[in-house]
Amino acid sequence: MFKSFISKVLANYTTVKENKWKVNPKDSQQKLFYQLIEKAKNTSFGKSHNFSAIKSIKDFQANVPLQDYETLKPYIERIKQGEKNVLWQGKPLYFAKTSGTTSGTKYIPITKESMPFHIEATKNALLHYIKNKGNANFVTGKMIFLQGSPKLEEENGIKIGRLSGISAHFVPNYLQKNRLPSWEVNCIEDWETKVDAVVKETINQNMTLVGGIPPWLIMYFEKLQQKSGKKIKELFPNLQLIVTGGVNYEPYRQKMLELLGGEVDVIQTYPASEGFIAYQDQLNSEELLLLLDQDIFYEFVPVEEIHNENPTRLTIGEVELNKNYAVIMSTFAGLWAYSIGDTVKFVSKNPYRIVVSGRIKHYTSAFGEHVIGQEVEKALENTLKEHSALVTEFHIAPQVSPKEGLPYHEWLIEFEEKPQDLTVFAKKLNQEMCLQNTYYDDLIKGKILKPLVLTRIKKGGFNQYMKTQGKLGGQNKVPRLANDRNLAEQLIKWIE
């Protein structure tokens, strides 16, 4: 009871504090910008980009072109060799190791100045939930976050690991007794072995909060159900909250609901190795509050300009609603005008709230249609509403040169429950895609493309594919969209 009471007091305090910066977020961002420039002006990057002469955001944009991991990699390599004051003052505390689509393994710096914001944002997301719900009962039960191993490597005094594993070292003391799994189980590297061990440790516990990305929550819940023969709400009657992030929850919602056997509150978050970007601050809306007072100065590039030599770079006060923007960040970890590869849409300016619309590199546009993640997820969601079906995972690839007939989009779908008529399902899905993307609609009507082709993947097929890639578990995600058939061709062995 005491923990619950204190949590409510802290929730009230935090939401009042958050409301102060929401009143004038543009000032918060500008203040943050000048702090960043001042702190980094004597670093190697700051000197080579003349930070000491920067007096305005326009100066910064003139001096610092957009960066990605490849352009920052030479600086990262110098830091890995032990050099100080390269991108930020001193040396990072950590490198968050993450897989890139073109760069292989990426090493994202986390500094003593940036790390607290990763932790504070997670805590504040939970406190907003408590404030909105008026209920903090979950803090008295057991909580689990399915995450990477907290075992860390070390290179020249910098510890290296997955962000979720690094974060495991910062769980507050007052939550340690409530936290599962045990340290030993959390350190298991093989994901399937780890989930089995997590099931064994948690199946008889009073679980009140479960966190993780949706595909791995589903895997955990399925194993719990297999072992107990019970729905999750029956097994954990006090389960109050699911905290998720990494991918859009909506395509997984129906499957989760079936496994749970009843409604459980869900809070979505938007963490990245580069910084904690946003979280859901309302109970009944999946819009995410953009965090504008932490350690990230934001710019936004219209997505159609992201590959231009001199793209338009907008600050928070210049964005428009319902337009796709690439997210550009400069941070207390020494990332400068850095494109994280995500695209967002603003759905509110008071306060600034966003939805994640896709990835710059994850789209399908073999025919100029530029289909993005948000569109395919909405089309699938609308189709599932009309059919008794559940989808576990899916991937879309273009078929540019079929053996006969017109080109098409191939949807490779793993069903938990198949629709009664796959042909009717595919026809409805194609209609929904035409409604979501006018360019796709034009290509279908103009007989440039034929309607999408649906290919069924066996149950467990996507997990088996991820296992062959060494990417089963943790924060690894199946790319939903592609401009080639590399992944589609590898999935052929699991076609049903």
Side-chain angles (χ1 to χ4, degrees), residues 29 31-119 152-167 169-170 271-277 294-299 301 313 326-342:
Q29 279 282 282
K31 181 180 177 183
L32 179 60
F33 167 76
Y34 287 115
Q35 288 176 346
L36 283 161
I37 298 302
E38 180 62 28
K39 286 178 179 289
K41 66 183 181 182
N42 293 319
T43 63
S44 294
F45 190 93
K47 289 176 180 176
S48 63
H49 292 82
N50 205 16
F51 275 23
S52 60
I54 291 175
K55 305 300 180 188
S56 68
I57 293 168
K58 292 297 181 189
D59 289 346
F60 174 75
Q61 292 173 340
N63 285 16
V64 183
L66 295 186
Q67 310 287 312
D68 59 16
Y69 190 77
E70 287 303 310
T71 57
L72 284 185
K73 193 173 181 179
Y75 294 95
I76 299 288
E77 291 301 319
R78 286 166 59 184
I79 298 169
K80 287 177 71 179
Q81 294 302 314
E83 190 175 338
K84 296 181 179 179
N85 303 317
V86 179
L87 289 170
W88 192 251
Q89 299 169 340
K91 289 199 295 187
L93 294 178
Y94 303 96
F95 278 124
K97 191 161 65 171
T98 182
S99 54
T101 51
T102 57
S103 307
T105 300
K106 298 193 292 186
Y107 295 85
I108 305 298
I110 299 176
T111 63
K112 66 179 180 181
E113 290 89 354
S114 69
M115 188 68 219
F117 292 104
H118 285 274
I119 307 307
L152 304 177
E153 306 162 20
E154 190 167 319
E155 189 171 337
N156 290 316
I158 303 171
K159 293 179 179 179
I160 302 171
R162 299 287 181 185
L163 175 63
S164 60
I166 293 168
S167 299
H169 292 262
F170 291 86
S273 298
E274 294 85 354
F276 204 116
I277 297 166
Q294 300 218 4
D295 67 323
I296 304 170
F297 171 71
Y298 289 99
E299 297 172 81
V301 172
R313 293 164 64 173
V327 179
I328 311 298
M329 298 163 54
S330 298
T331 77
F332 279 7
L335 300 176
W336 300 104
Y338 185 87
S339 172
I340 63 169
D342 289 346

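This chain uses plain numbering: 1 for the first residue, then up along the sequence.
- The two residues Val64 and Ala337 make their nearest non-hydrogen contact at CG1-CB, 4.0 Å.
- No side-chain heavy atom of Lys159 sits under 4.5 Å from any side-chain heavy atom of His169.
- Contact of the Ile158 side chain with the Pro92 side chain is registered, since non-hydrogen atoms from C-beta on lie closer than 4.5 Å.
- If you look at Trp336 and Tyr75, their ring centroids are not closer than 6.0 Å.
- For residues 77-98, the ring pair (Phe, Tyr, Trp, His ring centres under 6.0 Å) pairs, not counting sequence neighbours, are Trp88-Phe332.
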Below 3.5 Å, can you tabulate the donor-acceptor pairs from side chains in residues 31-39 to any protein atom, sequence neighbours excluded?
| from | atom 1 | to | atom 2 | distance (Å) |
| --- | --- | --- | --- | --- |
| Tyr34 | OH | Lys55 | O | 3.0 |
| Glu38 | OE1 | Lys41 | NZ | 3.4 |
| Glu38 | OE2 | Lys41 | NZ | 3.1 |

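- Rounding to the nearest 0.5 angstrom, the gap separating the CG atom in Leu163 from the CD1 atom in Ile166 is 6.0 Å.
- Using a 4.5 Å cut-off on side-chain heavy atoms (C-beta onward), Ser167 and Met115 make contact.
- No side-chain heavy atom of Asn42 sits under 4.5 Å from any side-chain heavy atom of Asn85.
- Rounded to the nearest 0.5 Å, atoms CZ (Arg313) and CD1 (Ile57) are 10.5 Å apart.
- In this structure, Thr71 contributes its side chain and Gln67 its backbone to no donor-acceptor pair below 3.5 Å.
- Within the structure, salt bridge (Lys or Arg N to Asp or Glu O under 4.0 Å) pairs that include any residue of residues 83-96 comprise Arg78-Glu83 (at least two apart or interchain).
- Looking at every heavy atom in both residues, Asn63 comes nearest to His49 through ND2-O, 3.1 Å.
- For the pair Leu87/Ile76, a side-chain contact is recorded, criterion being any heavy-atom separation below 4.5 Å from C-beta on.
- The two atoms that bring Glu154 and Gly157 nearest to each other are OE2-CA, 3.6 Å, heavy atoms only.
- The structure places CG of Leu335 at 6.0 Å from CD1 of Ile108, a figure rounded to the nearest 0.5 Å.
- Lys97 contributes atom NZ, which lies 12.0 Å from atom OG of Ser273 (distance to the nearest 0.5 angstrom).
- Counting all heavy atoms, side chain and backbone alike, Thr98 lies closest to Arg162 at CA-NH1, 3.4 Å.
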>> Applying side-chain contact (heavy atoms from CB on, under 4.5 Å) to Ile277 and Tyr298, what does each step give before you reach the verdict?
In response: CA-CA 10 Å; Ile277 297 166; Tyr298 289 99; 3.5 Å; yes

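- Across every non-hydrogen atom of His118 and Ala272, the tightest pair is CE1-O, 3.4 Å.
- Residues Glu113 and Asp295 have side chains not in contact (no heavy-atom distance under 4.5 Å, counting atoms from C-beta outward).
- Between the OG atom of Ser114 and the CD atom of Gln294 there is a distance of 11.0 Å, given to the nearest 0.5 Å.
- Closest approach of Ser330 to Phe60, counting heavy atoms only: OG-CZ, 3.5 Å.
- Screening Lys73, Glu155, Lys80 for a side chain to side chain contact (heavy atoms under 4.5 Å, CB included) with Tyr107, the sole residue that qualifies is Lys80.
- Two residues are said to be in side-chain contact when any heavy atoms from C-beta on lie closer than 4.5 Å; Thr331 and Ile296 meet this criterion.
- Note that CG of Asp68 and OH of Tyr338 are 7.0 Å apart. Values are rounded to the nearest 0.5 Å.
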